[in-house]
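Notes to accompany the following structure.
Here is how names work: the chains are called A, B, and so on, in the same order as the sequence lines, proteins then strands, and each is numbered from 1. Source: prediction; values computed, not measured.
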Protein chains: 2
Amino acid sequence: MDKAMAEGGRARRVTMLDVAEAAGVSYQTVSRVINHHPSVKPETRARVLDLIQQLNYRPDRAARSLAAHRSWTLAVISCGIEFYGPMQMLINIEHSARVAGYDVLNANLGLHQEVSLHSALDRLFSWRVDGALLIASVAAQSAEHVIEQLSGAPLILIDTAYGSSAPSVIIDQHAGGVAAARHLVDLGHRDIALICGPDDWYGALTRREGWIAGLRDAGITPALIEAGDWTPASGYQAATRILDADVRCTGLLVGNDAMALGAISAMKARGLAVPGDVSVTGFDDMPESAYFDPPLTTVAQDFPELGRQGMAYLIDLIGDPEAANGQRLIPPRLVVRASTAACA
Amino acid sequence: MDKAMAEGGRARRVTMLDVAEAAGVSYQTVSRVINHHPSVKPETRARVLDLIQQLNYRPDRAARSLAAHRSWTLAVISCGIEFYGPMQMLINIEHSARVAGYDVLNANLGLHQEVSLHSALDRLFSWRVDGALLIASVAAQSAEHVIEQLSGAPLILIDTAYGSSAPSVIIDQHAGGVAAARHLVDLGHRDIALICGPDDWYGALTRREGWIAGLRDAGITPALIEAGDWTPASGYQAATRILDADVRCTGLLVGNDAMALGAISAMKARGLAVPGDVSVTGFDDMPESAYFDPPLTTVAQDFPELGRQGMAYLIDLIGDPEAANGQRLIPPRLVVRASTAACA
DNA sequence: AGGCAAAATGTGAAGGTTCACATGCCGCCC
DNA sequence: GGGCGGCATGTGAACCTTCACATTTTGCCT
């Protein structure tokens, strides 16, 4: 009968001591091998490694965390991951973390903070996470609160307020907004309406400010400003409100691609052609957007890169807490397709 | 100076002992309070609870796992979460787990198993997870391998092979496929082509089988079978191949909504009307699909429910390993919109 | 050859919790 | 009123690792 089977039949966990014994060394030597400590004789290391393999030994992370006062685990607090952007960030955050040897514990707060930040932190903090990354797309989350709870562990904000001085990485959505607005202006449009995202999203605000700044440069003020909740349905409704309002409008700046899809659908339902009667821009450049009818002019955001850079920044900070140097910006890119055309 | 600040300034962790001392009880009593043990005098419990609050004490999960041989953590192994369905599952799995008091450690294998199942398991297993849930959409993952590694912890499969006898939950995509096919047949279509998902996805296979079964009932065999990789771009290409082939085709069954979008785009590019010349169905019912042009007839899958039921099943199994009773099915729902019409 | 630094390895303690068991106390029954 | 069962609480050990330090071995210099 296998020695690893204790009485009762329940498999006993293979421990460092088992390996040590089998290899004829002390447990400390095994520990050193695991942790890549330099001063282990190559021969010994090989023997231990071999036994680890044979016995299928895996270090116990709980015991490790307890003894070492660190967990090789990072917390990611997220919200709105049902949307394209945050999701892309999350996937790439996790991947980058893994590559760097960290595990990720994810707390998703839900769209409307159904899960309180406090309870999420309670959970995460009890794991002694080595650092945290907050997808702070929504304004309600107080970063200060997070910092306090982390008691010293570094924190990075992603997709947060434009111009924040906290260690953070964002896509320069202001520049993206300016580019989209300027694009319409360059096409000769003067009567332009906006469909923003929800007010409590930093991104929605920054995009709007970018649009308005871009229009102001050309001496234009928006004909009308509506808002949606990022969904196609809300884009449809917002566009309908704009059409119902008695304002001339040949250009429409929309806060994301999904709402733009809804808006275009609403236009068509009223017999308006896109871009014949109204030019429409989106924001995000999701994979679907190039296949809309018409293919959507939009502002591409490199969400994966945002995730990667956020994690890179965090790992920098874990290595050297003094490495914090404010906000890092990732440039967006205007992608011109067929949903915009010269003003008739 | 705060007692919690040890020499050096680094904050010392508040432990059970601190609480015990402050409350004038033994550490064991504090432990009992935390674990809701019945035999603690209400008065004592209140005092301890109060001190926990005051000292901002949080049990250390590493120490807990170590001592209790369980972690209140569940592993979720996923792949393809860049797609709508798997992502929805994941979000709801996590949420259900949280509600049930578990944390979730996520290992995303990437679309093409860039991260090997083996290494993912290594990581997860080292946490002594109490159970695991595998989003087994892709065939390459060997569930047996997972089970072996878990050494006894229960495992649930989600979105896996139709008819698998392992504890699993899937959406009845076969029925969905039959419904979509029958819908086209009922509209009078006889010349029908298919655009499947990738062959290594169980869902792609099952949908195809459903379609073919539905068509066979009407004495029809598919005019042509193409495949894509779920993306709109691949749908566009697959549809182009079908148009290039010299076969008559008035109906198109597509494996998901994103590819259907691409396919419709390809049709239009060739001057074909949807549904005038060709009727198209999708699969999934993403939020965008109702706003496509034309709004897409599709098969709605309740991914959130899939996630929830998967987690419920897993928690059942953790409570009672004998509760395993094979595969559970969730019915899909045909959503008829404007992309399908009677055959001319 | 003697001695000394560096390399290689070992030892004891600590980390924060739970488990199994021991203790003290109360009320209750006959 | 002696004993007994249940509740409330406490004690010692165990979980598996890392850390700090002690010890042994090796290699090299003079």
Side-chain angles (χ1 to χ4, degrees), chain A residues 4 6-8 10-49 51-52 55-73 125-128 130 151, chain B residues 4 6 8 10-49 51-52 55-73 125-128 130:
Chain A
E7 71 288 353
R10 173 102 192 190
R12 196 176 65 80
R13 207 181 161 85
V14 178
T15 124
M16 223 166 62
L17 225 95
D18 297 324
V19 177
E21 205 170 305
V25 296
S26 80
Y27 54 87
Q28 182 58 278
T29 300
V30 177
S31 171
R32 277 192 264 261
V33 169
I34 289 170
N35 293 294
H36 306 103
H37 189 98
S39 67
V40 176
K41 214 193 300 185
E43 179 195 312
T44 311
R45 179 188 310 280
R47 190 152 31 99
V48 170
L49 246 23
L51 267 307
I52 286 177
L55 300 180
N56 197 26
Y57 164 74
R58 284 192 202 67
D60 184 319
R61 305 205 60 160
R64 268 186 125 166
S65 306
L66 186 58
H69 299 286
R70 56 174 303 193
S71 59
W72 295 273
T73 297
F125 184 72
S126 68
W127 281 110
R128 298 173 179 253
D130 297 342
S151 71
Chain B
R10 173 103 194 189
R12 197 176 63 82
R13 211 183 159 84
V14 178
T15 113
M16 224 165 64
L17 227 97
D18 298 324
V19 177
E21 204 171 305
V25 296
S26 79
Y27 54 86
Q28 182 58 280
T29 300
V30 178
S31 170
R32 276 192 266 259
V33 169
I34 289 170
N35 293 294
H36 307 103
H37 189 98
S39 66
V40 176
K41 214 193 298 184
E43 180 195 311
T44 311
R45 179 189 309 281
R47 190 151 31 98
V48 170
L49 246 23
L51 266 307
I52 286 177
L55 300 181
N56 196 28
Y57 164 74
R58 283 192 203 66
D60 183 317
R61 304 201 64 159
R64 261 186 131 167
S65 308
L66 186 59
H69 299 286
R70 53 174 305 193
S71 59
W72 296 273
T73 296
F125 185 71
S126 68
W127 281 109
R128 297 173 179 256
D130 297 344

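- Asp60(B) places a side-chain N or O within 3.5 Å of a backbone atom of Ala62(B) that can act as its donor or acceptor partner.
- In this structure, the helix from dA1(C)-dT30(D) to dC30(C)-dG1(D) shows an angle of 50° between the axis at its start and the axis at its end, each fitted on 5 base pairs and rounded to 10°.
- Summarising the geometry, atom OG belonging to Ser39(B) is positioned 6.0 Å from atom CZ belonging to Arg32(B); distances are rounded to the nearest 0.5 Å.
- Here the closest non-hydrogen pair linking Leu55(A) and Ala22(A) is CD1-CB, 4.2 Å.
- Here the shortest heavy-atom pairing between Pro38(B) and Arg45(B) reads O-NH2, 3.7 Å.
- Between Asn56(A) and Val14(A) there is no side-chain heavy-atom pair separated by less than 4.5 Å.
- Within the structure, salt bridge (charged side-chain N to carboxylate O under 4.0 Å, His left out) pairs that include any residue of residues 62-73 of chain A comprise Arg70(A)-Asp130(A) (at least two apart or interchain).
- Here the rule is side-chain contact (heavy atoms from CB on, under 4.5 Å) with Val48(B), and of Val30(B), Val40(B), Ile34(B) only Val30(B) fits it.
- Taking 4.5 Å as the limit, some side-chain heavy atom of Thr73(A) sits within range of a side-chain heavy atom of Trp127(B).
- A donor-acceptor pair under 3.5 Å is absent between the side-chain atoms of Arg128(A) and the main chain of Ser71(A), judged by distance alone.
- Only Val40(B), Lys41(B), Thr44(B), listed by number, bring a heavy atom of residues 40-48 of chain B to less than 4.0 angstrom from any atom of DNA chain D.
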Dump the pairs, protein N or O against N or O of nucleotides 15-18 of chain C, anything under 3.5 Å, distances to one decimal.
from, atom 1, to, atom 2, distance (Å)
dT17(C), OP1, Tyr57(B), OH, 2.4
dT17(C), OP1, Asp60(B), N, 3.1
dT17(C), OP2, Met16(B), N, 2.5
dT18(C), OP1, Asn35(B), OD1, 3.4
dT18(C), OP1, Asn35(B), ND2, 3.0
dT18(C), OP1, Arg64(B), NE, 3.1
dT18(C), OP2, Ser31(B), OG, 2.5

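- For the atom pair CG of Leu51(A) and OH of Tyr57(A), the computed distance is 12.5 Å after rounding to the nearest 0.5 Å.
- Here the OG1 atom belonging to Thr15(A) is positioned 11.0 Å from the OH atom belonging to Tyr27(A), to the nearest 0.5 angstrom.
- Using a 4.0 Å heavy-atom criterion, one finds that Ser39(B) contacts the bases of the nucleic acid, with or without backbone contacts as well.
- Of all heavy-atom pairs spanning Phe125(B) and Arg58(A), the tightest one is CD2-NH1, 3.1 Å.
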Protein N or O to nucleotides 23-28 of chain C N or O, pairs below 3.5 Å:
none

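- Protein chain A touches strand DNA chain D; the 5'-most and 3'-most nucleotides with an atom under 4.0 angstrom of its non-hydrogen atoms are dC16(D) to dA20(D).
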